[in-house]
Structure formats: structure tokens, C-alpha cells
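Everything on this sheet refers to the single structure shown next.
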Protein chains: 2
Amino acid sequence: MDQQTIRKAGLKVTLPRMKILEILEENSQRHMTAEEVYKELLLRDEEIGLATVYRVLTQFEAAGLAERHHFEGGQAVFELNRGEHHDHIVCITCGKVEEFMDETIEKCQAKIARRHGFRIADHSLILYGECDNPECPNRPK
Amino acid sequence: MDQQTIRKAGLKVTLPRMKILEILEENSQRHMTAEEVYKELLLRDEEIGLATVYRVLTQFEAAGLAERHHFEGGQAVFELNRGEHHDHIVCITCGKVEEFMDETIEKCQAKIARRHGFRIADHSLILYGECDNPECPNRPK
DNA sequence: AACAGAAATGAGAAGCTTACGCATTGGCGT
DNA sequence: ACGCCAATGCGTAAGCTTCTCATTTCTGTT
């Protein structure tokens with residue numbers, strides 16, 4: 001059950017946190033903004049404020065349950081942490097996001113950090129390009 | 001002369017653009033926020049509005065003269081484009097930024113994009129960690 | 001060298017995302 | 001079941017960036 005997930009993160013099990021976690025799980029193939037999570041809650045007639053959505057997402061992030069990414073466009077997107085690290089490739093036309101992981105790149109990064117005298121804590125690698133989806137340029141927003 | 005740089009970018013040569021380019025050049029080892037550029041202009045008694053600074057920086061970016069980076073912290077930073085691509089490693093404690101370039105990583109990125117059917121247009125790679133500067137943790141902000 | 005048209009600027013205000021304050025509500029251990 | 005303390009909701013505020021529009025400044029041309 002989801003409750004365990006939240007409890008293990010050291011957070012009290014509350015309705016907003018349950019619902020938000022649920023929505024993130026159901027959309028685990030996408031990356032959602034706080035606003036999108038909020039709208040999804042409205043659709044389900046949940047009386048949860050936008051402030052709470054931001055608060056909960058930030059808590060999830062701090063607890064390691066979720067990750068926050070800053071793609072181009074100002075709005076941060078969130079995704080549930082499935083344990084396996086990965087980076088992102090984003091279509092600048094339709095917004096599609098795919099994930100990848102490359103052992104070689106990871107190793108190079110570690111090497112570079114060492115060379116510069118940094119103890120690496122995190123990294124952000126995002127490739128931007130145009131995808132080959134035939135109907136790609138049409139999707140708005 | 002700088003005028004050529006601006007003219008070649010297809011922009012009218014104006015005093016604000018000259019001054020901002022000048023400041024970026026003098027600080028080419030740093031990465032400046034729009035606000036910092038603005039403050040530097042004030043120090044030099046230039047009557048240039050913050051809105052203009054943002055406008056000009058955006059134009060420089062569009063013209064390929066400068067690059068905008070979104071490090072963690074909300075504020076975007078700008079740096080003059082010196083022709084040679086590079087990525088960044090940022091100290092999460094003191095904010096120090098160093099640059100690096102790794103041919104292996106670049107090649108891997110191209111390979112990954114190809115595999116996913118993306119025509120790569122750009123990328124952003126930022127490593128976050130703690131640097132080994134002895135007086136690092138002291139620097140505020 | 002002066003002119004006209006178009007583009008750029010400055011100042012303030014608006015927009016957008018995100019965070020905060022405080023009274024109220026709601027989990028959770030006893 | 002009870003009460004404490006954390007969590008929530010709402011409104012508000014803060015920070016960064018962009019927009020609006022009247023005014024100023026370039027640029028190519030007389």
C-alpha cells in the first residue's frame with residue numbers, strides 16, 4: 001500500500017499526500033508540473049490547495065520519493081523516483097520526454113568531478129532536440 | 001570593435017547593447033545574472049533599465065552571442081559565447097562554477113539521440129557537488 | 001547634415017511560478 | 001476516545017522575467 005511509502009519517508013499519512021502520490025504513480029510515464037497535479041486533483045473533486053501541492057511535492061523531493069527537473073520553460077516538473085537513475089531527452093517541438101541511462105557518461109562525469117576536486121552530489125543532463133514522431137509539430141503547448 | 005559583433009548579430013548598435021556586451025566581456029570568467037549586469041551598469045552611471053537588460057540578454061542569446069544557463073536557484077545566468085562548447089560543474093556550497101568539455105560524453109550524447117530518433121539541437125549538462133576550496137563553505141549566498 | 005520611419009528604450013506594472021503566515025483541521029500515539 | 005502537534009487551506013507575498021506604451025535613438029536616405 002502507498003501508506004507505507006509515505007510513512008517510510010518520515011511523513012504523516014494524510015489524504016493530500018496519498019492523493020498526490022497516487023496521481024504521480026498513475027502518470028509515472030509522464031512528468032507533471034505542480035499545476036497539472038493540482039488540476040488533476042480538481043477533476044477528482046479533491047479539496048486540496050495549490051500551496052499544499054507545492055508543499056507536498058517539495059517534501060517528496062526532500063524525502064527522495066520524487067525528483068524535480070528544470071526543463072526549459074520555467075515550470076519545474078516532477079516524477080516519482082523509481083530507484084533507477086536516468087537522464088532525459090526532450091523534444092523542443094512537442095515536449096515529449098524520454099529517459100535514458102548511459103554507463104559511459106556516468107563514469108566520465110565521475111572522472112571529471114575528481115579531476116576538478118569536486119565531490120559530486122548530483123547532476124542534470126538534458127538533451128534537447130526534435131523527435132521523429134510524424135505528428136510531432138502539431139501538438140500545442 | 002564591439003560594434004561589429006552586434007551588427008553581425010543583426011542587431012542595431014545601441015548604447016545599452018554596447019555597454020552590456022562590454023560588461024559581459026569584462027566578466028567572461030564569471031557567469032552573471034541579469035540583475036548583476038544591471039547593478040554593474042548602475043555603478044557606471046548608465047541609465048539603463050532592468051527591462052532592457054533582460055531584453056538585450058535574450059536577444060544576445062537568440063543571436064548566439066550569449067548562453068543562458070539555469071543552474072539551481074531560480075535565477076538564470078548568462079555568459080558570452082566564446083565559440084567553444086563546454087559544460088559546467090557547480091559547487092552547491094559556495095556557488096563556484098567551473099567549465100569542462102569531454103569528447104567522450106559528447107559522442108555518447110549523439111549516439112543516444114540517434115538511438116531515440118531525435119535530431120539533437122542542444123544539451124545541458126551540469127554536475128553539482130562540493131568543491132575542495134578550503135574556505136568554500138564560508139561564502140554566503 | 002538633417003529627416004523620416006522603424007526599432008529600441010525606460011518605467012512601471014503585470015504575469016507566472018513558488019513560498020509563506022496563520023487560523024483551522026486532521027493524523028496518531030496514549 | 002482524547003489531545004498534541006504537524007499538516008492543510010486560503011489568501012497573500014515574494015522573486016524573476018516579460019509586457020505595455022509613450023518617448024528616445026539608430027540607420028539609410030535625401
Side-chain angles (χ1 to χ4, degrees), chain A residues 1-23 31-39 41-42 44-63 65-78 141, chain B residues 1-23 31-42 44-63 65-78 95 141:
Chain A
M1 200 60 193
D2 282 349
Q3 304 199 192
Q4 293 316 311
T5 312
I6 294 176
R7 216 182 295 273
K8 273 194 295 186
L11 297 170
K12 247 205 276 204
V13 177
T14 64
L15 191 140
R17 301 214 252 242
M18 292 287 286
K19 287 294 172 190
I20 291 172
L21 179 55
E22 195 176 301
I23 288 173
H31 294 68
M32 304 185 80
T33 64
E35 195 76 32
E36 285 170 341
V37 172
Y38 177 61
K39 283 191 185 132
L41 286 166
L42 290 185
R44 304 180 183 197
D45 288 315
E46 299 294 342
E47 301 277 317
I48 295 175
L50 180 57
T52 301
V53 174
Y54 274 103
R55 249 186 315 230
V56 169
L57 288 174
T58 302
Q59 290 158 350
F60 281 4
E61 184 195 10
L65 283 185
E67 285 187 0
R68 181 194 306 242
H69 301 291
H70 295 276
F71 296 160
E72 291 186 346
Q75 253 165 122
V77 295
F78 295 83
K141 186 170 182 192
Chain B
M1 200 60 192
D2 283 345
Q3 305 201 191
Q4 294 315 313
T5 311
I6 293 176
R7 216 182 294 274
K8 274 193 296 183
L11 297 170
K12 249 204 289 204
V13 177
T14 64
L15 191 139
R17 300 216 254 241
M18 293 287 286
K19 287 295 172 189
I20 290 172
L21 179 56
E22 196 176 302
I23 287 174
H31 295 68
M32 302 186 81
T33 64
E35 195 77 32
E36 286 171 339
V37 173
Y38 176 62
K39 283 193 185 131
E40 186 61 35
L41 286 167
L42 290 185
R44 303 176 185 201
D45 288 315
E46 297 295 342
E47 300 278 315
I48 295 175
L50 180 56
T52 300
V53 174
Y54 273 103
R55 250 185 317 232
V56 169
L57 288 174
T58 301
Q59 290 157 351
F60 281 6
E61 183 194 12
L65 284 185
E67 285 186 2
R68 182 196 304 244
H69 301 291
H70 294 277
F71 296 161
E72 291 187 345
Q75 253 165 124
V77 295
F78 296 82
K141 186 166 187 198

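Look at Tyr54(B) and you won't find any side-chain N or O under 4.0 angstrom from OP1 or OP2 of dT18(D). Considering only side-chain N and O atoms, Arg7(A) lies under 4.0 angstrom from the phosphate OP1 or OP2 of dC28(C). For dA7(D), one of the phosphate oxygens OP1 or OP2 lies less than 4.0 angstrom from a side-chain nitrogen or oxygen of Arg17(A). One finds no side-chain N or O of Thr14(B) lying less than 4.0 angstrom from the OP1 or OP2 phosphate oxygen of dC26(D).
Here the closest non-hydrogen pair linking Val13(A) and Gln3(A) is CG2-O, 3.9 Å. Of all the heavy atoms in Leu21(B) and Ile6(B), the pair that sits closest is CD2-CG1, 3.8 Å.
Of the listed nucleotides (dC5(D), dG12(C), dT8(D)), dG12(C) has the atom at the smallest distance from the side chain of Ala51(B). Of the candidate nucleotides dT18(D), dG26(C), dG10(C), dG10(C) has the atom lying nearest to any side-chain atom of Thr52(B). The side chain of Val13(A) lies closest to dC28(C) when the candidates are dA19(C), dT8(D), dC28(C). The side chain of Leu50(B) approaches dT17(D) more closely than any other nucleotide in the set dA7(D), dG10(C), dT17(D).
Atoms CG (Leu11(B)) and P (dT27(D)) sit 11 Å apart, rounded to a whole Å. Atom CD1 of Ile6(B) is separated from atom P of dT25(D) by 17 Å (rounded to the nearest Å). Taking atom NE2 of His70(A) as the reference point, atom P of dT17(C) lies 14 Å away to the nearest angstrom. Computed from coordinates, the Ile20(B) CD1 to dT9(C) C1' distance equals 11 Å when rounded to whole Å. Spacing between atom NZ of Lys19(B) and atom C1' of dT25(D) amounts to 16 Å, rounded to whole angstrom units. The nearest whole Å value for the distance from the CZ atom in Arg55(A) to the P atom in dT25(C) is 15 Å. Computed from coordinates, the Glu36(A) CD to dC16(C) P distance equals 16 Å when rounded to whole Å. Summarising the geometry, the separation between NZ on Lys12(A) and C1' on dG29(C) is reported as 10 Å, rounded to the nearest angstrom.
Counting non-hydrogen atoms under 4.0 angstrom, Glu47(B) reaches the backbone sugars and phosphates but no base. The residue Ile48(B) sits close only to the backbone: its heavy atoms come under 4.0 Å of sugar-phosphate atoms, none of a base. As judged by a 4.0 angstrom heavy-atom cut-off over every strand, Ala76(A) is placed among residues touching the sugar-phosphate backbone only.
Between Lys19(A) and Glu47(A) there is no salt bridge, since no side-chain N of the basic residue sits under 4.0 Å from a carboxylate O of the acidic one. Arg68(A) has no carboxylate O lying under 4.0 Å from a charged side-chain N of Glu72(B), or vice versa, which leaves the two without a salt bridge.
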Derivation and outcome, side chain to side chain donor-acceptor pair (under 3.5 Å), residues Arg55(A) and Thr58(A) = CA-CA 5 Å; Arg55(A) 249 186 315 230; Thr58(A) 302; over 6 Å; no
